[in-house]
Amino acid sequence: MKKMTEGNEARLILSFSIPLLLGNVFQQLYSTVDAIVVGFGVGKAALAAIGVSFPIIFLMISIVAGICMGTGILLSQYYGAGDTVRLRKAMHTSYVFLFYASIVATVAGIFLADPVLRLIGTPADTIDDARLFLQITFASMVFVFGYNATTSVMRSLGDSKNPLYFIAISSLLNVALDILFVLGFGWGIAGAAWATFISQAVAFFISLVFLQRSKHTVFRISWKELRIDRIELSKILRLSTPTALQMGLVSLSFIAMTGLITPFGTDVIAGYTMASRLDSFAVLPAMTLSIAISTFVGQNMGANKPERVRKGLNATLAIGIGISVAISLLFIFVPRQLLGLFLNDQTVINYGAEYLVIVSSFYALFAAMFTLTGVLRGAGAVGFSMIATVVAVWVARIPASWILSSFIGPAGIWWGIPIGWLVGLAMVLAYYLSGRWKRFNLTGKSELNTLQVEPQANPQTVDPFV
């Protein structure tokens, strides 16, 4: 595990972020490989089916990610404070809570797939494939929730390396199964869904086995301790509910965006699907750095070292904006070549290129917004983070996309995205400068137990899992 309360801020954040970024890249391969294999192996109607399905799947995954982020804030502050007793209570409580949440998500996803697809106006040539893809994918939610819970424990305590290995294995398996099921067996879009199902199950089981075999018992799951502690659950819910609502509302905005896109037809949907897959890779550095700065801030706030937060923020902003500018230049100058990886249809590619050029020009705004949101989240100011997201998405982005698209077509939808980022950045920057985030304290004043970590030659980069 990695202590972030001592040592060079930039080095700590970057060393934590790189494995996490690579892990997120592998995780994005799930949906991207599905899109590439289905696009070439089945056709643009099936590709569009994945496109309209993704926001619905993302809604459920975002909610569990929000819960895990909230739990991670609590765990990282307990870890920074050295409170192993409450750390274990919170960890086991989160597992039980997420198990029941996964059952609810599975049932809801399977039965609501068709009504939601019809609500957003899914084209007739796409809806059957989309429904099938959704129902198979939602059947795997228990594995998705379980994997996120397990790796959230590791990451909140500073271990970003081992989750990378788990997701790398799973993603490579997904690529192989996609090719086998879709191109080899001819199972169509169902083959892509089953490939994802199996790969997610493998990711969960190998991460769980690893955690259980770790020699550091403080991080193991104890079947006797798998129960809900009311005090820790109340803290988890207090932190997770705003974060889960925030991410859920963002996901709902993608569904709303899809509802704006579907009236323009299959070509626009397919173009958006391809471009959004590339877009999802492009924003990963900023999103990863946001998670890293949250863990950094959480540990330092728990250790009562708020003076390190500003230095960590400055370092993260410099790294994130620099990477975002480089990606923007790539997407602006060679969008069509990148989109050609998915489908050889110039009409579809033109729509996708239009999206990439407009949206990628503002990646620096996104990086700054997410970094500041990560600081607020790590400090425990999750309520304002949720408010800023709601305003940016539902007051700025969606209305702007709707209004502009009525005048200039699909391009208006794309322009609404950076407008939302600008509004969100203004809000979180103003809150950070106010200093109100410094007042949060989640560890309390109780006597703390000492977390035992083996001494290393370089204490600021301790990672007992290696």
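Side-chain atoms of Ser199 come within 3.5 Å of backbone N or O of Asn174 as a donor-acceptor pair. Side-chain atoms of Ser280 come within 3.5 Å of backbone atoms of Arg277 as a donor-acceptor pair (strictly under, hydrogens ignored). Under a 3.5 Å cut-off, the side chain of Ser140 and the backbone N or O of Phe197 do not form any donor-acceptor pair. A donor-acceptor contact shorter than 3.5 Å links the side chain of Ser294 to the backbone of Gly374. Using modelled atom types, no side-chain atom of Asp279 and backbone atom of Ala275 make a donor-acceptor pair closer than 3.5 Å. Judged by distance alone, the side chain of Ser405 and the main-chain N or O of Pro410 form no donor-acceptor pair under 3.5 Å. Under a 3.5 Å cut-off, the side chain of Thr241 and the backbone N or O of Arg238 do not form any donor-acceptor pair. When atom types are taken as modelled, the side chain of Thr93 and the backbone of Asp229 share a donor-acceptor pair closer than 3.5 angstrom.
Residues Phe331 and Tyr363 are in side-chain contact: their nearest non-hydrogen atoms beyond the backbone lie under 4.5 Å apart. With a 4.5 Å cut-off on side-chain heavy atoms, Thr126 and Pro123 count as touching. Between Met427 and Leu422, the closest side-chain pair of non-hydrogen atoms is not below 4.5 Å. Val104 places none of its side-chain heavy atoms less than 4.5 Å from the side chain of Met141. Within the 4.5 Å cutoff, side-chain heavy atoms of Met301 are placed close to those of Trp437. Phe133 places a side-chain heavy atom less than 4.5 Å from the side chain of Asp34. Side-chain atoms of Val423 and Val391, non-hydrogen and from C-beta on, do get closer than 4.5 Å to each other. Looking only at side-chain heavy atoms (C-beta outward), Ile332 and Ser360 come within less than 4.5 Å of each other.
Around CH2 of Trp394, the count of heavy atoms belonging to other residues, nucleotides or ligands within 6.0 Å exceeds 12. By the 6.0 Å contact criterion, CG on Asn344 is open, its count of non-hydrogen atoms from other residues, nucleotides or ligands being 12 or less. Around CD1 of Ile231, the count of heavy atoms belonging to other residues, nucleotides or ligands within 6.0 Å does not exceed 12.
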Worksheet entry | Steps toward side-chain contact (heavy atoms from CB on, under 4.5 Å) verdict (Ile413, Tyr272) | CA-CA 10 Å; Ile413 303 175; Tyr272 168 73; over 6 Å; no
Worksheet item: Stepwise, does the side-chain contact (heavy atoms from CB on, under 4.5 Å) test hold for Thr71 with Leu239?
Response: CA-CA 7 Å; Thr71 304; Leu239 290 167; over 6 Å; no
Practice prompt. Apply side-chain hydrogen bond (donor to acceptor under 3.5 Å, both in side chains) to the pair Glu232 and Tyr78, showing each step before the final yes or no.
Written response: CA-CA 11 Å; Glu232 299 307 325; Tyr78 282 157; 2.8 Å; yes
Worksheet entry | Pair Trp194-Leu177, side-chain contact (heavy atoms from CB on, under 4.5 Å): steps then yes or no | CA-CA 8 Å; Trp194 281 115; Leu177 293 178; over 6 Å; no
Worksheet item: Passes side-chain contact (heavy atoms from CB on, under 4.5 Å), Ile319 versus Leu14? Steps please.
Response: CA-CA 8 Å; Ile319 296 168; Leu14 195 58; 4.0 Å; yes
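Closest heavy-atom contact between Gly39 and Leu343: O-CD1, 3.4 Å. Pairing each heavy atom of Leu132 with each of Ala190, the nearest pair is CD2-CB, 3.7 Å. Smallest separation of non-hydrogen atoms from Ala105 and Phe138: O-CD2, 3.8 Å. Contact record, Ala379 with Val297: N-CG1, 3.5 Å, taken as the closest heavy-atom pair. Residue Gly312 comes nearest to Ile13 through the heavy atom pair O-CD1, 3.6 Å, listed as atom of the first residue, atom of the second, then distance. In terms of heavy atoms, Gly191 sits closest to Asp178 at O-OD1, 4.4 Å.
For the ring-ring contact (aromatic ring centres under 6.0 Å, His included) test with Trp421, the passing option among Trp415, Phe366, Phe370, Phe362 is Phe366; the others fail. Considering Ile136, Ile110, Leu117, Val116 in turn, Leu117 is the only one that fulfils the side chain to side chain contact (heavy atoms under 4.5 Å, CB included) rule with Arg131.
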Which pairs of donor and acceptor atoms, one on a side chain in residues 46-60, lie under 3.5 Å apart (sequence neighbours left out)?
{"residue": "Ser53", "atom": "OG", "partner": "Ala49", "partner atom": "O", "Å": "2.7"}
{"residue": "Ser53", "atom": "OG", "partner": "Ala130", "partner atom": "O", "Å": "3.4"}

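Note: Leu317 CG to Leu313 CG = 4.5 Å, rounded to the nearest 0.5 Å. Expressed to the nearest 0.5 Å, how far CG of Leu341 lies from CG of Leu278 amounts to 7.5 Å. Once rounded to the nearest 0.5 Å, the distance linking NZ of Lys89 with CZ of Arg230 reads 13.5 Å. Here CZ of Arg397 is found 7.5 Å from OG of Ser401. Values are rounded to the nearest 0.5 Å. Between atom OG1 of residue Thr122 and atom CD1 of residue Ile269 there is a gap of 7.0 Å, rounded to the nearest 0.5 Å. To the nearest 0.5 Å, atoms CZ (Phe342) and CD1 (Ile36) are separated by 4.5 Å.
Ring to ring, Phe145 and Phe204 are not that close: their centroids are 6.0 angstrom or more apart.
Between Trp414 and Tyr355, the angle of the ring planes goes over 60°, which puts this pair in the perpendicular group of the 30/60° scheme. Under the 30°/60° scheme for interplanar angles, the aromatic rings of Phe384 and Tyr431 are found to lie parallel.
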